[in-house]
Number of protein chains: 2
Amino acid sequence: MLGEKGNSKSSEMQKKMGDFVAKCRQNGLKITPQRMAVYRALLESKEHPSAEMIFRTVKEVFPSVSLDTVNRTLLTLDEIGVAFIVEGSGDSKRYDANLGDHQHFKCVKCKRIVDFHHKPFDNIKVPKSIGENFIVLRKTVYIEGICDLCAKKQN
Amino acid sequence: MLGEKGNSKSSEMQKKMGDFVAKCRQNGLKITPQRMAVYRALLESKEHPSAEMIFRTVKEVFPSVSLDTVNRTLLTLDEIGVAFIVEGSGDSKRYDANLGDHQHFKCVKCKRIVDFHHKPFDNIKVPKSIGENFIVLRKTVYIEGICDLCAKKQN
DNA sequence: TACTATATAGTAGTCTATCCTATTTGTTCG
DNA sequence: CGAACAAATAGGATAGACTACTATATAGTA
């Protein structure tokens, strides 16, 4: 990309990288150049990249980096809380023939999807910034967590 | 969901199958036994099954059915509006390092994810039925649709 | 019954993500 | 500063989800 970043942006970045190093140490994680590069690539991306996209970016600095490293690192970022997996992404397609109003809770462990129905969630108002520019097909409240069965297993 | 009467189930099912046949004819789709079996399997499932789960069920009636047929059929069900793909499922993992409050709009065509921030969505109250039984990790308003760029392309 | 467009089975291929193992590298501690 | 150990990595193998392809079969119809 052309165009140098302004000084404020660059120092902002430096602060975040510093915080990241601290967070890694807190969690007993080693500071490897690959890990730093993955986090930096994610920070600099304005999209919400997939592992593959990050992989391509990091490869420019570390031609020998493996996709597995990128995947592992991204999961680590999620685990230590400096990044997260965008809601709902990453699992196989699931189907629903119940056309009535309802919402879904999804267990991040066992991938079970549980229906619930909370009337206030049935008709959410779409903010102007979205409604004016995009065609909205669906809007829903989506809850993720750990279901009762998986919670029991952990104890 | 709660509140389903056992004795009315079979006639309820017959009605839905009849509606389905009508919907197929409306859309010029042939009534094949495989298609009926896939829809029936989806209707009867209380989970939100994946193609693989439906495949296993249908295979009990049609041992020779192929996974491809199940996949195609499920997509068809989505297209004619008698079923749908649970929000957010089916795409590759996407990452986000922005920890501030915000929500996501996802384009179903190009998979682009656009941030927006609508303050009323920041602190959604979880209904008791969920909060009491499950560990809630994330709750968010999730909007799906077609983005401006993809909408242009279609014209 | 015969025709035609659609649907299907079976297989191959693609894409995503994880697993495995030998090797390398941070970090700690002497 | 240098050795030792645990953690991380590269690269290839593997698994799973989905799509593409093609020859065959079938539903709808005239």
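The figures here come from the full heavy-atom set of this structure, side chains too, leaving out hydrogens, waters and symmetry mates. Throughout, a chain's letter reflects where its sequence line sits, starting with A, and its residues are numbered from 1.
- At a threshold of 4.0 Å, the pair B/Arg138-A/Glu144 counts as salt-bridged, since one of the basic side-chain nitrogens sits closer than that to a carboxylate oxygen.
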Could you tabulate the donor-acceptor pairs under 3.5 Å formed by side-chain atoms of residues 17-34 of chain A, not counting sequence neighbours?
unit_1, atom_1, unit_2, atom_2, d
A/Asp19, OD2, A/Lys15, NZ, 2.8
A/Thr32, OG1, A/Arg35, N, 3.1

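- Aromatic pair B/Tyr95/A/Phe84: centroids not less than 6.0 angstrom apart.
- Taking the centre of each ring, B/His118 and B/His102 stay at or above the 6.0 Å mark.
- Between B/Leu149 and B/Lys109 the shortest side-chain heavy-atom distance does not fall below 4.5 Å.
- Taking atom CG of residue A/Leu74 and atom C1' of nucleotide D/dT9, one finds them 15 Å apart after rounding to whole Å.
- Contact annotation: A/Gln34 reaches the phosphate of D/dA10 (side-chain N/O to OP1 or OP2, under 4.0 Å).
- Taking the six-membered ring for Trp and the full ring otherwise, the centers of A/Phe134 and B/Phe105 sit less than 6.0 Å from each other.
- A close approach under 4.0 Å does occur between a side-chain nitrogen or oxygen of A/Thr69 and OP1 or OP2 of D/dA10.
- In this structure, A/Met36 atom CE and D/dT9 atom C1' are separated by 17 Å, rounded to whole Å.
- Both B/Gly28 and B/Pro63 lie close to DNA chain C; mapped to their nearest nucleotides by heavy-atom distance, the more 5′-ward contact belongs to B/Gly28.
- To the nearest angstrom, C1' of C/dG10 lies 17 Å from CZ of B/Phe62.
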Query - Base-contact (B) and sugar-phosphate-only (S) positions in nucleotides 17-30 of chain D, heavy-atom cut-off under 4.0 Å, - elsewhere - result: SSBBB-----BS--
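- Here D/dT9 presents its C1' atom at 12 Å from CZ of A/Phe55, a figure rounded to the nearest Å.
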